[in-house]
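Structure, as structure tokens:
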Amino acid sequence: MAYFLLNKVVVPSADGGDELINVEVRVFANLRENIPAHVTRQPEQPFAVQLQQGESLSHLLAKIGVPQDVVVIALVNGLRKPLDYILQDGDRVGFFPPLGGG
Amino acid sequence: MFIYRVNLTTKEVQKEEVPVKLQGLGGRALTSTIIADEVDPACHALGPKNKLVFAPGLLAGTSAPNSGRISIGAKSPLTGTIKESNSGGLAAIRLAKLGVKALVIEGQADEPVLLKIDKDGIAIEDAAAYIGKGNYELNKLLPEKYGSKVAVITIGPAGEYKMTSASIAVNDPDFHPTRHAGRGGLGAVMGSKKLKAIVIDDAGAPGVAIADQERFKAAGQAFAKMLLAHPVCGQGLPTYGTAVLINILNEAGGLPTKNFRAGRFTGAEKISGEYIHQVISERNGKTSHVCHPGCVMRCSQIYNDANGEYLTAGFEYETVWAFGAQCCIDDIDAIARADRQCDDLGLDTIEMGVTMSVAMEAGIIEFGDAEGMLGLFEEIKAGTPLGRVLGNGAQFLGRAYGVTRVPAVKGQAIPAYDPRAVKGVGVTYATSPMGADHTAGYSVTANILKVGGHVNPLEKAGQLELSRNLQIATAAVDSTGLCLFVAFCVLDNPDALPAIVEMLNAQYDLSLTLDDVTELGKYVLQKEREFNKAAGFSAKDDRLPEFFKEELPPHGTSWDFSGEELDEVYSWSENAEEEAGDVA
């Protein structure tokens with residue numbers, strides 16, 4: 001029943017998910033140059049992105065226009081996650097290129 | 001090559017051949033060997049029995065990329081341990097080209113002196129005219145007198161006051177005193193000897209002998225290519241400098257904030273490498289800059305003030321953190337002014353930033369009070385009673401004001417990674433013979449940066465081994481004179497370390513293997529630990545302060561290594577068993 005009701009207001013994603021989730025996104029260093037202006041007014045950080053439930057970090061990258069191969073570290077709520085990690089509503093996400101210092 | 005020995009009590013200068021046992025050593029291996037063999041571990045670090053040793057790394061003065069580090073060693077007045085602190089700048093190259101393998105300063109002068117080193121030898125000259133002057137003024141006056149091609153090693157007022165946070169400054173190619181042997185109060189040792197400056201002129205110097213030029217050149221070029229191809233060494237560091245770490249440590253919950261109360265700082269973005277990059281660009285500074293010729297990573301920068309005038313250079317992550325998140329200050333210009341003050345007065349930025357946070361803890365000023373913090377530098381500069389307490393570092397200030405929340409190990413302030421959220425570097429803070437020192441075993445690589453594998457930063461598993469291996473490797477790298485940032489490439493590219501070994505073999509006509517590198521690192525650490533043991537240190541000193549048992553937001557992790565576990569880091573060393581017995 002819940003599925004039916006929700007399905008009325010949300011277009012299902014390719015993955016079959018049907019609920020919308022919101023995540024808080026930050027991108028860092030030269031990845032900021034990759035973000036198209038229509039996604040966010042750079043360099044404003046963080047920005048909110050709406051996704052379908054069941055979508056992963058890879059989907060998120062595609063949505064904000066950052067190529068996967070330039071991201072080496074993805075942190076979700078401060079913890080490193082692989083790009084197939086399925087996002088949850090309210091997740092705090094950070095994407096990083098290779099970096100170092102000290 | 002040869003060793004210069006200068007006795008400032010008797011004013012005698014000796015030029016010695018390098019004894020066989022020291023011939024294969026350079027940088028940290030050489031300073032730590034000379035200190036361990038020649039300095040009484042029980043001596044007062046600011047008394048005449050301590051020695052101050054300057055040693056370029058094994059590859060210094062050659063065409064090897066990023067080979068400009070100079071190691072400076074002594075018994076530390078801050079920690080009471082042996083100390084090696086290394087710096088970039090021009091000094092290592094100039095000394096190596098003159099054939100100086102080490103410069104050993106002994107005794108104490110009655111009146112201020114400076115040393116002038118050139119191809120003809122060493123002159124001890126009167127330095128009365130330079131007393132009280134800051135490093136910036138010295139970097140103007142000394143080249144005016146001695147020529148624009150010299151390198152200068154100087155101390156500011158903090159060193160003259162024998163403050164245990166005092167650094168030794170080395171000039172960069174623009175005669176800015178922005179490169180420092182910062183840690184451990186070596187500037188106070190130099191000040192105790194009344195040695196204000198060392199001027200190095202390599203005009204007409206013989207240069208560095210290379211046994212097999214072709215082979216050396218090939219290995220050096222291959223190594224430079226590997227550095228440039230590595231995304232951190234070739235792209236990240238030149239673009240954003242080291243402060244690019246602010247945001248990732250903040251996201252990972254390991255950026256120490258408000259004197260290690262939280263792992264995230266709300267003002268992180270305003271002090272980040274990305275923000276600094278933008279400010280520098282807008283003010284027509286330089287976003288990348290070298291500290292010595294031959295650097296391909298160019299992590300330094302020129303930071304101008306709001307009027308477009310030069311303010312500081314070499315504005316590092318550690319410094320930005322220390323005066324920033326640690327003190328709850330998000331005004332990047334105020335942080336840059338604090339950096340400038342440290343460079344000018346000759347103070348370690350890590351020790352001073354943490355000291356400022358302890359001053360806030362003590363209620364001398366409030367957390368977040370940038371102007372108050374800058375005002376305290378005037379106290380230090382003037383040598384007021386409060387200034388002298390501040391200049392002696394975080395632990396000294398904590399004792400003076402009854403503050404127990406002092407992040408320090410063996411008396412040295414803990415740097416910019418919370419040990420509860422980056423546990424591998426916590427192991428290094430606890431166990432390094434240097435006291436709390438991130439560079440001594442930079443586990444941040446595998447914990448946070450995904451360089452050299454991955455070890456979960458919040459869990460204990462794998463951290464002891466990670467820190468141990470990095471401490472051994474670092475002791476070896478510090479002996480080559482290569483900038484430690486080559487490690488980002490070495491840890492990821494299996495061809496990089498062989499290229500370094502190939503350069504050493506070609507230069508010195510040796511046949512070292514990769515195993516010899518590990519053995520060199522172990523030898524250095526063993527020497528340092530022997531000194532510390534004789535100075536009264538034991539396993540009980542290899543611990544973090546009690547308050548790290550508190551949980552750290554956002555992850556809620558605490559420091560949960562037992563003493564026995566930490567003692568495993570040095571289980572390979574000869575005196576480990578005996579030390580454990582001492583504690584039991």
Side-chain angles (χ1 to χ4, degrees), chain A residues 22-37 39-49 56-58 60-61 64-85 87-102, chain B residues 230-237 239-254 263-264 268-269 272-275 277-278 297 299 316-318 320 415-417 421 425 438-439 442 444-445 447-451 454 456-458 484-485 487-489 491-492 553-555 557:
Chain A
N22 288 293
V23 297
E24 187 180 293
V25 183
R26 291 167 177 79
V27 299
F28 297 101
N30 56 9
L31 297 186
R32 291 182 178 180
E33 292 154 24
N34 287 298
I35 307 269
V39 175
T40 177
R41 289 181 299 123
Q42 287 304 305
E44 228 167 71
Q45 304 276 343
F47 52 94
V49 177
S56 67
L57 288 169
S58 299
L60 172 58
L61 283 173
I64 64 174
V66 175
Q68 281 193 26
D69 59 0
V70 296
V71 174
V72 300
I73 298 168
L75 296 178
V76 179
N77 304 322
L79 304 173
R80 185 176 299 169
K81 297 293 178 194
L83 291 183
D84 61 1
Y85 168 83
L87 288 155
Q88 308 296 315
D89 191 43
D91 275 346
R92 171 175 175 154
V93 182
F95 291 118
F96 299 86
L99 42 86
Chain B
H230 191 271
V232 172
C233 303
Q235 293 159 36
L237 285 169
T239 310
Y240 295 104
T242 59
V244 75
L245 292 184
I246 290 279
N247 272 325
I248 191 163
L249 264 300
N250 191 58
E251 276 310 295
R264 282 202 182 130
E269 181 64 30
S272 67
E274 292 89 333
Y275 186 75
H277 177 91
Q278 191 185 323
M297 293 188 267
C299 74
E316 307 283 355
Y317 167 68
E318 299 291 331
V320 172
Y417 315 86
V425 83
H438 61 295
T439 68
Y442 194 66
V444 181
T445 45
N447 277 178
I448 303 290
L449 303 173
K450 212 173 167 182
V451 170
H454 176 49
N456 186 330
L458 303 177
L484 192 54
F485 292 163
F488 293 112
C489 174
L491 288 166
D492 276 343
H555 296 302
T557 47

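Labels below follow one simple rule: chain letters A, B, ... track the order of the sequence lines, proteins then strands, and each chain is numbered from 1.
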Interface moiety of [X] toward chain B, non-hydrogen atoms closer than 4.5 Å:
{"X": "A/Asn30", "answer": "both"}
{"X": "A/Phe28", "answer": "both"}
{"X": "A/Leu75", "answer": "side chain"}

Let's test your reading of the structure: which of [options] forms the most heavy-atom pairs below 4.5 Å with chain A?
{"options": "B/Ala252, B/Ala243, B/Pro554, B/Pro231", "result": "B/Ala252"}
{"options": "B/Thr239, B/Val451, B/Val244", "result": "B/Val244"}
{"options": "B/Asn456, B/Ile448, B/Asn250, B/Leu249", "result": "B/Ile448"}
{"options": "B/His277, B/His454, B/Glu316", "result": "B/His454"}

Proximal component of [X], with respect to chain A [non-hydrogen, under 4.5 Å]:
{"X": "B/Tyr417", "value": "side chain"}
{"X": "B/Asn447", "value": "backbone"}
{"X": "B/Leu237", "value": "side chain"}
{"X": "B/Leu458", "value": "side chain"}

Return yes if some donor-acceptor pair links the side-chain N/O of [X] with the main-chain N/O of [Y] below 3.5 Å, else return no.
{"X": "A/Asn77", "Y": "A/Arg92", "result": "yes"}
{"X": "B/Arg264", "Y": "B/Glu251", "result": "yes"}
{"X": "A/Tyr85", "Y": "A/Val76", "result": "no"}
{"X": "A/Asn22", "Y": "A/Gly90", "result": "no"}
{"X": "B/Ser272", "Y": "B/Ile246", "result": "no"}

- B/Glu269/A/Arg26 under side-chain contact (heavy atoms from CB on, under 4.5 Å): CA gap, chis, key distance, verdict: CA-CA 11 Å; B/Glu269 181 64 30; A/Arg26 291 167 177 79; over 6 Å; no
- Message: Rounded at 0.5 Å granularity, tell me how far CG in B/Asp492 sits from NE2 in B/His230.
- Response: 3.5 Å
- Task: Check the angle between the aromatic planes of B/Phe485 and B/Phe488 and answer parallel, tilted or perpendicular using the 30° and 60° thresholds.
- Result: tilted
